[in-house]
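Below is one structure, written out as structure tokens; the observations come after it.
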Amino acid sequence: MSKQQQSLFDDEPAEWEVDAQSQRLVATIVLGEGATGEYDYLVPDTLSDRGDYFLEVGRRVRVPFGRSNRKVVGYCVTLETKLVDAARLKLVAEVIDASALLSPAMLRLTRWMADYYLCKWGEVLEAVVPAGVRLLAGTRKVTLLSVPEDVRDTLGQLKLGSPQQRKALAHLAASERSLTTAQLADAVGCTAGPIKQLLKRGLIEAHEKRVRSSELDETIVERESPLVLNEDQQHALDAIDAALESGKPRGMVLFGVTGSGKTEVYLQAIERVVGYGRQAIVLVPEISLTPQTVRRFRARFDGVAVLHSHQSHVERHREWQRIARGDVQVVVGARSAVFAPTPNLGLIVMDEEHESSFKQDSAPRYHARDVAWQRAQAEGIPLVLGSATPSLESWYKTEQGEFARLDLPRRVSNRPLPDVLTVDLRDPAHTRFSRGAISRPLHQAMVAALRDEGQVILLLNRRGFATHVQCPACGYVAECPACDLSLTFHRQESILRCHYCDHHEPPPVNCPDCKSPAIRYGGMGTQKLEAEVRARFPEHTCERMDTDSMRKAGSHQRVLDKFCQGEIDILLGTQMIAKGLDFPNVTLVGVINADTALHLPDFRAGERTFQLVAQVAGRTGRGEKGGRVLVQTLSPEHMAIRAAVRHDFEMFAEEDLATRRQLCYPPFGSMIRILVRGPQEETAQAVAEGLTQRLRQETTGEEGVRIMGPAAAAIPKLRDHYRFQIQLQAPTLDPLRSAVTGATAKWKVPTGTFLAVDVDPWDMM
DNA sequence: AGCACGCCGACT
DNA sequence: GTCGGCGTGCTC
């Protein structure tokens, strides 16, 4: 496994040393950062198997490295007794972990990732083991309250000052375990005051205890029993069941429109898995990982662990340990939860499989779906991919018979899908009515929906007020000095902001170039739309939801709750409202501009547009009143929009796949994207050109390999870095991977210039 | 990533 | 003559 041993010494070994080989226990170590490669070390007897800190595969160690023997952290990936020249190996200095962080299977998975995604094994290992676990994030002291024995005995005869004190004391005496002040106050419905009084009078006592900091937030959730499945759901469940029992890996696409009851199928499949004494991992997009989602699982299973990026180190450490101990039946989490250290995994579910947040956009640039499939294959378990609009990669796999397809064609209780109509924005009859964002048909539909006491959702995928600030006299456009992108005007703060970096500046009073005072605030953002809606419907309540208005923690939930209770008539916002929950009273959804993603230089532009329209359309027609969707567009004849209007995913998939087949785009071919960036345009471009040349050399004679570029990236300058991209395509990934490895192996880019290699890229900007 | 080795310019 | 510039290569 490790590279051939090279001499540690410059001079040749003396003759008697040549045969100085002996059987020794050797650990192969991969460094967490720094040098790539695998290095052999001798394991001293003290670390071989005594005490807690003995060495085993999957634990971390500190080893002397380099001429200066500085101590570096590495992962033990193999441990074996073999014939080595002991004099040429150094010794492992220290074992860091009291237990293995990675099982042999997980080590193999990370190794596969490093090979597949062309990154360092150490880099993958550091991404797989959360920082909180690596840092052994800590514990915290809490003050716990209890009732002393002597008080408990005389409880009946006590004279108490206040009813609050009496209630608190009674509750604490009846409680099985000690409580904190906050917990007791919460349970009784009083403040800390009466409890302090009780403490002062010695009726309750306090003692300090060292606990894991987050042990306290265990919420008790009311249990729910399984729902009765309809015929389609039962069919899907049976198929998953059969796959579970086969003990073989099986990829399955659960294809169901929004509201068709996919989650209930997951829940009951997980029940079977738990019944076998195994664990399940449920992967959901970051944005859907809300308290409600988690509650839904907590209501059905005892041990539910949650993993996501907004947790503290301590919380994540605690969840990881619970999972590793086998205390958890279900792991619910975002992308990185695919690495959860479940001891006996039985099933992986990925909900909203098409979501882009499953692809990590920094190294290691893995896609959780593909890693999950790799893991499922290694463990011989099913992988269920749920979506109303599956990725064409997964869909194609079902057509090829590689994945099974499970259909949930009907919404539960057979509600029809909403009518979807397009509004052609090129038609002057629709827009003559106003210069704003809302066309005449949409306005009329809103009036009608609100009159019938329905609620309205409006989707606009651009935040801010005006998306470009321009001088009509000379054509000057306010641009970010660091990014070469136009600045967006935010009216609330009265500021121009770059949406790609932190730059912001006050809006100009006069044009900086020609001094004209007539600056125009063009382009429609959610803030401007909000102003227009409020002006048009002054008698109705309206709320805006985008990353600007949702800065504060919990505000997202607060708005959704208000909307659900009918306190808001019109909800408008960006993507994030397209992925909300079930709102039965929404009778109209308006898509302000369906074209925003349609003309981006990205082969998935159509797919994204279809998904967006289909998703937001799913927000309506969930109640008795039914619902309709109006899609405003300049390209009503575009296939993605026509298909979305008809709720016809299969038509969309068929046509888009045909186009991709012609152009050899995924899933018919593989793609690697390389981004070169640096602070000097000439250097970055020269590096990109040099790299392209090497790539062409590496691929001469290879069949069907295409190398495009270098070209300026879709965002040519970002955060003061100039960006150039190279796109590689071929029918299979292997020649591309070896070309990139060959072209970059012994090649050092100038300092300050960076390469990002993205295998199976998702983001083409 | 760090650290040493190495082969060229301005200083005691 | 030497001190030190950072290019190149290696680390078990």
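Predicted model, so just to flag it, every value in this text is computed and none were measured. By convention in this document, chain letters (A, B, ...) are assigned in the order of the sequence lines, proteins followed by strands, and residues within each chain are numbered from 1.
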[X] [atom1] - [N] [atom2] separation (whole Å):
X: Arg67(A); N: dG9(C); atom1: CZ; atom2: P; result: 14 Å
X: Arg70(A); N: dC12(C); atom1: CZ; atom2: C1'; result: 13 Å
X: Lys71(A); N: dT11(C); atom1: NZ; atom2: P; result: 18 Å
X: Asp40(A); N: dT11(C); atom1: CG; atom2: C1'; result: 13 Å
X: Asn69(A); N: dT11(C); atom1: CG; atom2: P; result: 13 Å
X: Arg88(A); N: dC12(C); atom1: CZ; atom2: P; result: 13 Å
X: Leu31(A); N: dT11(C); atom1: CG; atom2: P; result: 13 Å

Qualifying side chain to side chain donor-acceptor pair (under 3.5 Å) pairs, either residue in residues 716-730 of chain A, two or more places apart: Arg673(A)-Gln725(A), Arg677(A)-His721(A), Gln727(A)-Gln729(A)
Phosphate OP1/OP2 of dC12(C): any Tyr41(A) side-chain N/O under 4.0 Å: yes
Lys90(A) side chain to Gly66(A) backbone, donor-acceptor under 3.5 Å: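 Present.
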For Arg335(A), salt bridge (charged side-chain N to carboxylate O under 4.0 Å, His left out) partners two or more places apart: none
Set of residues satisfying salt bridge (charged side-chain N to carboxylate O under 4.0 Å, His left out) with respect to Arg108(A), sequence neighbours excluded: none
Could you pull out all donor-acceptor pairs under 3.5 Å where a side-chain atom in residues 747-761 of chain A meets a protein atom, sequence neighbours excluded?
residue: Asp758(A); atom: OD1; partner: Lys359(A); partner atom: NZ; Å: 3.0
residue: Asp760(A); atom: OD2; partner: Tyr116(A); partner atom: OH; Å: 2.7

Sugar-phosphate, base or nothing in reach of Phe65(A), heavy atoms under 4.0 Å: base
Pairs where residues 96-107 of chain A contributes a residue and the test salt bridge (Lys or Arg N to Asp or Glu O under 4.0 Å) is met, not counting sequence neighbours: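 Sorted pair list: Arg60(A)-Asp97(A).
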Where chain A begins and ends its contact with DNA chain B, read 5' to 3' at 4.0 Å from heavy atoms: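 First-to-last contact on DNA chain B, by the 4.0 Å heavy-atom rule, is dA1(B) to dA4(B).
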